[in-house]
Each structure stands twice: as C-alpha cells, then as structure tokens.
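One structure is given below, encoded as structure tokens.
We're numbering straight along the sequence, starting at 1. The model shown is predicted, which means the values in this text are computed figures rather than measured ones.
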Amino acid sequence: MLQQYTCRTASKAVCVASELTSPALAAKFYDPEYEVTHDNPDKDPYMAFEKDFMRFMLSDGAGSVLLQDHPEGTCPLKIEWVDMTSYANELPTCMFMASELQEDGRLKSWKEFSPDEIKERAVLVGKQDIRQLKKYIIKYWVDHIEAVLGKHHVKAQEIDYVIPHVSSMFFYDKLNEEIVSRGIALTKEKWFTNLTSVGNIGSAAIYVGLEEFIRTKEIKQGEKILLLVPESGRFSYGTALLTAE
C-alpha cells in the first residue's frame with residue numbers, strides 16, 4: 001500500500017546559482033588549435049569558431065532568491081507556478097565539453113583522443129553547435145511558452161512584464177520576431193533585460209535580472225511577471241509566473 005507524506009522542515013530557503021567560466025576560457029586553451037587551423041588550409045575554421053563563439057557569450061556572476069511561506073518586504077512576489085520542458089528526446093546535443101560531436105550525433109569522449117589531439121583540437125574546452133542553436137532554440141522556446149500558458153490557463157494579455165534570459169541581443173530580437181509571428185501578446189514592449197550591462201551569466205542571469213528589475217521598476221500589486229529561461233545544451237526550457245503582492 002502506497003502512502004503519501006508531506007514533510008515540512010523549513011519555512012525559508014535560499015535558491016542560489018553561480019557561474020565561474022572565465023578560467024576555462026583563457027586563451028592558452030585555444031591557441032594551439034588556432035595555430036593549426038591558421039597554418040593548414042585544409043582545416044575547417046568552423047571547428048575553431050564553434051569554440052570561440054562561447055568565449056564571447058559567457059561571463060562570471062552569481063545570484064540568489066529568498067523563498068518563504070509568507071510575504072514580506074516592500075515588493076514581495078508570489079510564485080504562481082514553475083514549469084519546465086525538455087526536448088532532449090527530440091533534438092541533438094548542442095553544447096558540450098571534453099568531447100567532440102560526430103556526424104552521426106554521437107559525442108566522442110576526450111578519452112578516445114590522443115594527448116596531441118586533445119591539445120591541437122582543443123577537445124577539453126566548451127563548445128556549442130551554433131548551426132543547431134540557430135535552427136532550434138527559438139522555435140522550441142516559443143513552443144514551450146505557448147504550451148505552459150495553455151496548461152496553466154494564463155492568457156498572454158494578462159502578463160505585465162517578461163524577463164527573458166538570452167545569450168545575446170541577436171537572440172533577443174529573434175525571440176521577439178517569433179512571438180510576433182505567432183500573435184502572442186508577449187512582445188518586447190513588456191520585456192526587461194540587463195544583458196548589455198551584466199553579460200550572460202548563465203544560470204544566475206534570471207536572478208540578477210529579477211533583482212535589478214525589482215530595484216529599478218515601480219511594480220504594482222497584482223501585476224504579473226513571467227520569467228523565461230532557455231537551456232541550449234539539450235534544449236530545455238523553464239518558465240515561472242510571479243505575482244506582486
């Protein structure tokens with residue numbers, strides 16, 4: 001016989017995210033492959049670019065939020081719901097480290113390379129398949145947004161503000177274009193971002209963006225804020241709806 005138990009051990013919790021990518025992005029890890037690519041006309045320069053791309057997209061940072069069972073302070077926010085969707089069963093791996101993506105979709109581990117190959121091909125550094133990113137990231141993101149709003153019976157017109165986490169302003173505009181094309185009332189007039197001043201700090205970005213938004217905007221009671229967070233490694237997406245109390 002199965003029984004369901006509710007275990008409550010705390011009335012408060014802190015949710016924290018931090019990123020420290022800069023040590024892994026140092027030039028010394030990339031120079032050997034740059035030299036090989038530059039000196040060999042038969043080498044595909046795309047192989048270097050798929051790694052260099054991430055070096056100019058990632059920044060260090062950290063953020064946190066306090067969660068508790070009652071409202072407090074001048075601008076408390078209630079979490080209405082958090083919903084996530086993963087499309088890893090449908091789409092290929094897009095971001096990876098210490099491996100190389102093969103033509104058949106398999107990830108070849110660093111353990112399968114020789115020491116010289118690891119050095120010359122910069123196998124250990126982080127990589128992103130930008131061709132897959134461009135093809136899938138926005139379409140599936142908006143698919144997810146439409147699905148979760150429908151699931152929770154929320155109309156886009158009811159949302160007052162949107163905080164989207166994007167890796168670059170290129171995707172900022174692409175996301176808006178897709179939303180406009182589908183006739184969803186979540187266009188960038190409602191958006192807030194601090195990407196151009198803070199940079200892409202990955203998992204911490206949504207917390208830091210939310211903090212600055214609360215600090216700089218006059219939020220009114222009852223207003224709704226939608227948080228949009230994509231994850232492009234395996235195309236997972238998270239959305240949270242907050243209400244100002």
Side-chain angles (χ1 to χ4, degrees), residues 2-21 58-86 88 141-142 144-167 172 175 179 184-186 188-245:
L2 296 176
Q3 291 182 314
Q4 181 175 347
Y5 296 93
T6 301
C7 180
R8 179 171 177 172
T9 59
S11 60
K12 294 185 179 182
V14 176
C15 188
V16 180
S18 64
E19 300 282 358
L20 183 60
T21 59
L58 300 175
S59 302
D60 297 339
S64 63
V65 293
L66 170 65
L67 306 178
Q68 59 186 27
D69 60 0
H70 63 278
E72 187 176 329
T74 57
C75 186
L77 300 175
K78 178 184 178 182
I79 301 175
E80 300 291 352
W81 46 261
V82 178
D83 212 317
M84 299 184 68
T85 306
S86 172
W141 195 358
V142 181
H144 161 78
I145 294 169
E146 286 189 311
V148 297
L149 291 181
K151 174 183 175 181
H152 295 281
H153 308 290
V154 176
K155 295 180 180 179
Q157 293 87 342
E158 299 173 2
I159 307 299
D160 298 288
Y161 300 101
V162 178
I163 305 179
H165 165 52
V166 291
S167 60
Y172 185 92
L175 175 61
I179 287 174
I184 305 171
L186 291 176
K188 62 182 179 181
E189 292 78 12
K190 295 183 176 183
W191 296 8
F192 173 86
T193 182
N194 57 3
L195 176 66
T196 56
S197 58
V198 174
N200 175 12
I201 52 176
S203 60
I206 199 67
Y207 298 148
V208 174
L210 180 61
E211 186 278 332
E212 184 172 331
F213 172 78
I214 294 171
R215 179 165 42 85
T216 59
K217 301 293 182 180
E218 294 184 4
I219 307 170
K220 300 176 182 177
Q221 186 177 18
E223 289 186 323
K224 297 185 180 298
I225 305 161
L226 196 67
L227 308 182
L228 304 177
V229 183
E231 186 284 313
S232 58
R234 292 307 308 271
F235 296 104
S236 299
Y237 302 87
T239 296
L241 180 64
L242 312 178
T243 301
E245 294 198 329

Straight-line distance of Leu210 CG to Ser64 OG, nearest 0.5 Å: 11.0 Å
Side-chain touch Ile206/Leu228, heavy atoms, less than 4.5 angstrom: no
List the residues meeting side-chain hydrogen bond (donor to acceptor under 3.5 Å, both in side chains) with Ser203, not counting sequence neighbours, and say none if there are none. Glu19
Nearest non-hydrogen partners of Gly199 and Ser59, listed with the distance: CA-OG, 4.0 Å
After noting the C-alpha distance and the side-chain angles of Trp191 and Tyr172, does the key distance pass the ring pair (Phe, Tyr, Trp, His ring centres under 6.0 Å) rule? CA-CA 10 Å; Trp191 296 8; Tyr172 185 92; 4.8 Å; yes
Contacts of Ser232 meeting side chain to side chain contact (heavy atoms under 4.5 Å, CB included) (sequence neighbours excluded), chain-then-number -> Met95, Gln128, Leu133, Ile137
Determine the minimum heavy-atom distance between Tyr207 and Gly63, stating which atoms define it. CD1-O, 3.6 Å
Would Val14 and Val65 satisfy side-chain contact (heavy atoms from CB on, under 4.5 Å), going step by step from the backbone distance to the final call? CA-CA 6 Å; Val14 176; Val65 293; over 6 Å; no
Contacts under 3.5 angstrom, residues 213-221 side chains, donor-acceptor by atom type, not counting sequence neighbours:
from, atom 1, to, atom 2, distance (Å)
Arg215, NE, Glu211, OE2, 2.8
Arg215, NH2, Glu211, OE1, 3.1
Thr216, OG1, Glu212, O, 2.7

CD1 of Ile79: more than 12 outside heavy atoms within 6.0 angstrom? no
Any side-chain heavy-atom pair of Ile225 and Leu227 under 4.5 Å: yes
Any chance you could measure Ile159, atom CD1, to Glu223, atom CD, to the nearest 0.5 Å? 11.5 Å
At what distance, to the nearest 0.5 angstrom, does CG of Leu175 lie from NZ of Lys188? 10.5 Å
Tell me every residue that passes salt bridge (Lys or Arg N to Asp or Glu O under 4.0 Å) with Lys190, counting only those two or more places apart in sequence or in another chain. none
Looking only at non-hydrogen atoms, find the nearest pair between Ala204 and Gly61 and report the distance. CB-O, 4.0 Å
Hey, are the side chains of Leu226 and Tyr161 touching, using non-hydrogen atoms and a 4.5 Å cut-off? no
Do you know which two heavy atoms are closest between Ala62 and Val208, and how far apart they sit? O-CG2, 3.4 Å
Identify the heavy atoms of Pro164 and Phe192 that sit nearest to each other, and give their distance. CD-O, 3.4 Å
Taking only residues at least two apart or on different chains, which pairs with a member in residues 200-210 satisfy salt bridge (Lys or Arg N to Asp or Glu O under 4.0 Å)? none
So OH of Tyr237 and CE of Met84: to nearest 0.5 Å the spacing works out to 11.5 Å
Just how far is it from atom CG of Leu20 to atom CG of Leu58, taken to the nearest 0.5 Å? 11.5 Å
Which pairs count as ring-ring contact (aromatic ring centres under 6.0 Å, His included) when at least one residue sits in residues 60-86, sequence neighbours excluded? Trp81-His152
Please tabulate, for the side chains in residues 238-245, all donor-acceptor contacts under 3.5 angstrom to protein atoms that are two or more places apart in sequence or on a different chain.
from, atom 1, to, atom 2, distance (Å)
Thr239, OG1, His144, NE2, 2.8
Thr243, OG1, Glu80, OE2, 2.7
Thr243, OG1, Lys224, NZ, 3.2

Non-neighbouring partners of Ile184 that pass side chain to side chain contact (heavy atoms under 4.5 Å, CB included), sequence neighbours left out: Val142, Glu146, Ala156, Ile179, Arg182, Leu186
Pro230 vs His165 side-chain heavy atoms within contact, under 4.5 Å: yes
Can you name the closest pair of heavy atoms from Thr193 and Leu195 and give their distance? OG1-N, 3.1 Å
Under the side chain to side chain contact (heavy atoms under 4.5 Å, CB included) rule, collect the residues that match up with Ala88, sequence neighbours excluded. Ser86, Arg234
Could you tell me which residues satisfy salt bridge (Lys or Arg N to Asp or Glu O under 4.0 Å) with Lys151, sequence neighbours excluded, listed by chain and number? Asp83
